Colleague: 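The structure follows.
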Amino acid sequence: MSDETTYQNILTRLDGRVGIVQLNRPKVLNALNKETMGEVTEALELFDRNPDAGCLVITGNERAFAAGADITQMAEATPVSMLDNPFIDYWDRLRRIGKPIVAAVSGYALGGGCELAMACDMIVASETARFGQPEINIGVIPGAGGTQRMTRAVGKALAMEIVINGRFLTAEEALRHGLVNRVVPVELYLEEAVRLAAEIAARAPVAVRLGKEAVNAAFETTLQSGLAHERRLFYMLFATEDQKEGMDAFINKRPPVWKGK
Ligand code: HXC
């Protein structure tokens, strides 16, 4: 399955029930060219369909999660060549992954790299992580969600500085402003992300999936329709064997055994 597929720009492996995708272009700080994003998307979609994986992790290396879209590939682009290119669509495809994705970020998460981390569901950062949208320095603005997701995460005032003045956030600032879940020493960031993902992967799979969907719906809709959506998903879970199992296990004071059904 996915853990055996050979890629040019990424490494993948299954660690217990955690599917791990590692960006592997260290010489260019994991700059995201279209081939890399194609592989990342394919690998995550494969893990999403693999019943052996319960939660996914995407990471880079200590120096860089990803320093942005590959500027060498964008330099000569035109509006029409961008339209014809599936590149930015890859970030949208990540939104359709049903299983949770944890970004394990160390070093630079810039431009499209920051947008990739923000397209995930949670971020575990090393103390050395730096988040930014420095597109303004090369004459453009973020194009894969940076203006929207950064603003939702940290608020308008700080997002403006980040987007139109190229301000970087340290890991501690990112934590304080709600962009990341936790900050750990650099030697622990991947381990901690995999540990968090393994915890989630051990939970009732359908409930995890619908919980992710429900939280994400909060960013798309009014409170009223978000609450209605949540209630439908909540009712739907009463059709699962895992709901019966979870409640029976609680009542009988035993650990539940999840089936994902
Ligand atoms: C292509 C990149 C790159 C990038 C780094 N490199 N970032 N190549 N695209 N985004 C390459 C460098 O050219 C260099 O190659 C090598 O990686 C190491 O980088 P250095 O600059 O030598 O390292 P350092 O001095 O430590 O500086 C690190 C850095 C800097 C601050 C992260 O590399 C930088 O500013 N990078 C660009 C960041 C950026 O603007 N990102 C946004 C891109 S636009 P050589 O061959 O010289 O060793 C974007 C738009 C997204 O993401 C739109 C939607 C998809």
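Each ligand, and each atom within it, is numbered from 1 in the order the structure gives. All of these numbers come straight from a predicted model, not from anything done at the bench. Hydrogens, waters and symmetry mates are skipped; everything else that's a heavy atom, side chains included, is used.
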Colleague: So, the side chain of E191 versus the backbone of L188: is there a donor-acceptor pair under 3.5 Å, distance only?
Modeller: no

Colleague: So if I only count non-hydrogen atoms and take anything under 4.0 Å from ligand 1, which residues does that give, chain by chain?
Modeller: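 Ligand 1 is contacted, at a heavy-atom distance under 4.0 Å, by K27, V28, L29, A31, R63, A67, G68, A69, D70, I71, M74, F87, I88, W91, Y108, L110, G111, G112, E115, P134, E135, I138, G143, A144.
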
Colleague: Can you see whether N33 engages T36 through a side-chain donor-acceptor pair at a distance of less than 3.5 angstrom?
Modeller: yes

Colleague: Calculate, to the nearest 0.5 Å, the distance between atoms CD and CG belonging to E45 and L94 respectively.
Modeller: 8.0 Å

Colleague: Sequence neighbours excluded, which residues qualify as ring-ring contact (aromatic ring centres under 6.0 Å, His included) partners of F238?
Modeller: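 Testing F238 for ring-ring contact (aromatic ring centres under 6.0 Å, His included), a comparison that skips the adjacent residues, returns F234.
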
Colleague: Please tell me whether Y90 and L46 are part of a single hydrophobic cluster in this structure, the criterion being side-chain heavy atoms less than 4.5 Å apart.
Modeller: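 In one cluster with Y90: L46, yes.
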
Colleague: Checking K99 side chain against A201 main chain: does a donor-acceptor pair fall under 3.5 Å?
Modeller: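 Looks like no, no N/O pair under 3.5 Å.
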
